[in-house]
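First listed ligand is number 1; within each ligand, the first listed atom is number 1. Sequence positions, counted from 1, serve as the residue numbers for this chain.
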Amino acid sequence: MEMLNEINDISIAKHFKLSEFACPCCKRVILHPRLLKKLIELRGIIERPIYITSGYRCPEYNQKIGGVVNSYHLIGLAVDIKVKDISLIDLLEICEEIGFGGIGFYEKKNFLHLDVRPTKRARWRE
Ligand SMILES: [Zn+2]
Ligand SMILES: [Zn+2]
């Protein structure tokens with residue numbers, strides 16, 4: 001049904017649509033404004049599209065892909081991103097300056113996990 005393709009097809013910022021943050025299995029979405037704000041800041045610095053490879057995840061989907069049980073993806077505080085034509089290490093440095101609470105550096109799979117956790121900073125590498 002054509003109408004269903006329009007679910008979450010809503011611009012929430014100049015370069016971001018709500019649909020980009022939705023769970024791929026059910027199209028549900030939770031998004032914290034602090035996360036969006038930091039992604040807008042990042043987009044402004046790098047001047048390149050940010051590909052959100054994982055945003056909100058419902059519990060079923062998170063389990064299916066082997067996400068951790070208490071993942072910040074489950075509560076709208078986390079995204080995984082890829083950006084073309086910029087090295088992952090350069091992207092990491094910019095994200096450090098912006099001050100994400102959690103940053104995961106996935107070198108082999110070439111993506112960053114970013115979150116705005118309310119607890120103390122966390123950094124990891126895989
Ligand atoms: Zn889902
Ligand atoms: Zn993640």
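The number of heavy-atom neighbours closer than 6.0 Å to CD of Gln63, taken from other residues, nucleotides and ligands shown, is 12 or below. Shown here is Arg123, whose CZ atom has more than 12 heavy atoms of other residues, nucleotides or ligands within 6.0 Å.
When the N, O or S atoms of His113 are ranked by distance to the Zn ion (ligand 2), ND1 comes first. Between the Zn ion (ligand 2) and the N, O or S atoms of Asp80, the shortest distance is to OD1.
Listed by chain and number, the protein atoms of type N/O/S under 2.8 Å from the Zn ion (ligand 1) are Cys23 SG, Cys25 SG, Cys26 SG, Cys58 SG; waters are omitted.
Here the straight-line distance linking atom CD1 of Ile98 with atom CD1 of Ile45 works out to 4.0 Å at 0.5 Å rounding. Remark: Ser54 OG to Asn62 CG distance equals 8.0 Å, nearest 0.5 Å.
For Phe111, the ring pair (Phe, Tyr, Trp, His ring centres under 6.0 Å) partners two or more places apart in sequence, or in a different chain, are Tyr106.
Between Val68 and Leu74, the shortest heavy-atom contact is O-CD1, 4.4 Å.
The side-chain heavy atoms of Leu39 and Leu114, taken from C-beta on, include a pair separated by under 4.5 Å.
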